[in-house]
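Beneath this line is the structure, given in structure tokens, with notes to follow.
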Amino acid sequence: MTKILVIESSPRGDQSVSRKVTQDLVAKLKAKGGAEIITRDLSKNPLPHLDGNILQAFFTPPEARSEALKAAIAPSDKAVDELLGADTIVIGLPMWNFGLPSVLKAWIDHIVRAGRTFSFAGGKPEGLVKNKEVYLVVASGSVFSAGPFSGHDFVVPYVKAVLGFIGITNIHVVRAEGLNDPAVAANALEKARTQYASV
């Protein structure tokens, strides 16, 4: 059975545009056939930001970790296991101040792991996360796909670069943009849906 991992990062609940789009997209993906949906809501259950214990655990061999280090690394291991176990990953994120929510950055910091999702064993970086498909759902107040703000989109290039580093290159970007302009926002959801109409 196909496994779909859904990563939500908006704290706005039912008012969140990124959540509305991800829910619609996941429903379409599920309708293609049987699928197990695993949802990680980073707004409700954020991963801890990296601290000294977590970093020490990252660089300590598993057999040498103390009980405290095992506890510190457990949330990260679970996040990595979810990623590795999924066939499709749907990431919903609002763009804030040209960047992404800190809870999503924390998730990224936990899933980019030497020895688990990437390796330098051959003398150069190699992504270890293979055969995954990602839908990146980006909601933004302004239009960033074109026009005067296109050069300020640091979210999509960053997330694509990080995912590419760990081996994921099959990435579809879905944008719900211009939400601060009532004239544009009225059609933003429908325009976003057209970007995955062929799913």
Side-chain angles (χ1 to χ4, degrees), residues 1-11 13 16 18-19 22 26 29 35-97 99-138 154-172:
M1 179 179 289
T2 298
K3 289 187 177 181
I4 301 174
L5 174 62
V6 183
I7 304 295
E8 295 284 17
S9 61
S10 173
S16 167
S18 65
R19 286 178 183 267
T22 58
V26 169
L29 291 170
E36 178 185 355
I37 311 297
I38 300 165
T39 300
R40 178 177 280 273
D41 192 330
L42 298 171
S43 175
K44 294 180 179 178
N45 297 291
L47 285 162
H49 290 283
L50 300 189
D51 61 17
N53 285 336
I54 297 171
L55 289 171
Q56 184 179 350
F58 283 175
F59 296 102
T60 301
E63 67 275 8
R65 290 174 189 150
S66 65
E67 291 304 314
L69 292 184
K70 290 177 183 177
I73 203 172
S76 180
D77 281 340
K78 183 177 180 181
V80 172
D81 290 342
E82 289 173 349
L83 177 71
L84 295 177
D87 301 293
T88 302
I89 301 102
V90 179
I91 303 174
L93 69 101
M95 184 188 296
W96 294 344
N97 303 318
L100 65 167
S102 65
V103 292
L104 185 59
K105 177 59 168 63
W107 178 79
I108 288 172
D109 289 339
H110 280 278
I111 58 97
V112 179
R113 291 268 304 277
R116 294 215 61 193
T117 58
F118 74 92
S119 172
F120 277 100
K124 60 181 181 179
E126 177 189 1
L128 302 178
V129 186
K130 308 293 188 181
N131 304 315
K132 309 293 182 187
E133 184 175 34
V134 170
Y135 289 87
L136 183 61
V137 177
V138 184
F154 305 111
V155 167
V156 172
Y158 169 72
V159 175
K160 290 178 75 172
V162 169
L163 294 177
F165 180 75
I166 63 173
I168 302 174
T169 57
N170 186 8
I171 303 170
H172 311 278

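Between the CD1 atom in Ile4 and the OG1 atom in Thr2 there is a gap of 7.0 Å [rounded to 0.5 Å]. Taken to the nearest 0.5 Å, the CG atom of Leu50 stands 5.5 Å off from the CD1 atom of Ile54. Distance check, rounded to the nearest 0.5 Å: CD1 of Ile38 to CG of Asp81 gives 10.5 Å. To the nearest 0.5 Å, atoms CD1 (Ile108) and OH (Tyr158) are separated by 4.5 Å. The structure places CG of Leu163 at 11.0 Å from CG of Asn170, a figure rounded to the nearest 0.5 Å. Remark: Phe165 CZ to Leu128 CG distance equals 9.5 Å, nearest 0.5 Å.
No donor-acceptor pair under 3.5 Å is formed between the side chain of Lys124 and the backbone N or O of Ala121. No donor-acceptor pair closer than 3.5 Å links the side chain of Asn53 to the backbone N or O of Ala72. Listed for the Thr169 side chain is no donor-acceptor partner under 3.5 Å among the backbone atoms of Gly164. Judged by distance alone, with hydrogens and angles left aside, the side-chain atoms of Lys130 form no donor-acceptor pair with the main-chain N or O of Gly167 at under 3.5 Å. The backbone N or O of Ser10 sits less than 3.5 Å from a side-chain atom of Arg19, completing a donor-acceptor pair. Of the possible polar contacts, one joining the Ser76 side chain to the His110 backbone as a donor-acceptor pair under 3.5 Å is found. Between the Asp41 side chain and the Ser43 main chain, a donor and an acceptor come within less than 3.5 Å of each other.
Residues Leu47 and Val103 are not in side-chain contact: their nearest non-hydrogen atoms beyond the backbone lie 4.5 Å or more apart. No side-chain heavy atom of Pro125 sits less than 4.5 Å from a side-chain heavy atom of Ser119. For the pair Val134/Ile91, a side-chain contact is recorded, criterion being any heavy-atom separation below 4.5 Å from C-beta on. Side-chain contact between Val129 and Leu84: present, with at least one pair of heavy atoms (C-beta onward) separated by less than 4.5 Å. Annotation: side chain of Leu5 is not in contact with side chain of Val90 (no heavy-atom distance under 4.5 Å).
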side-chain contact (heavy atoms from CB on, under 4.5 Å) assessment of Ile73 paired with Phe58: CA-CA 7 Å; Ile73 203 172; Phe58 283 175; 3.8 Å; yes

Worked check of side-chain contact (heavy atoms from CB on, under 4.5 Å) between Leu83 and Ile166: CA-CA 11 Å; Leu83 177 71; Ile166 63 173; 4.0 Å; yes

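For the pair Lys105 and Asp109, the tightest heavy-atom approach, listed with the atom from each and the gap, is NZ-OD1, 2.7 Å. The minimum heavy-atom distance between Gly92 and Thr22, with the atom names listed, is CA-CG2, 3.6 Å.
Within a 6.0 Å sphere centred on CG of Asp51, heavy atoms belonging to other residues, nucleotides or ligands number more than 12.
We find that Lys70 and Asp77 are not joined by a salt bridge, their nearest charged nitrogen and carboxylate oxygen being 4.0 Å or further apart. Using a cutoff of 4.0 Å between basic side-chain nitrogens and carboxylate oxygens, Glu8 and Arg40 are not scored as salt-bridged.
Each of Ile168, Leu29, Thr88 was checked for a side chain to side chain contact (heavy atoms under 4.5 Å, CB included) with Glu133, and the lone residue meeting it is Thr88. The only option from Ile89, Thr39, Val137 that meets the side chain to side chain contact (heavy atoms under 4.5 Å, CB included) definition with Val6 turns out to be Thr39.
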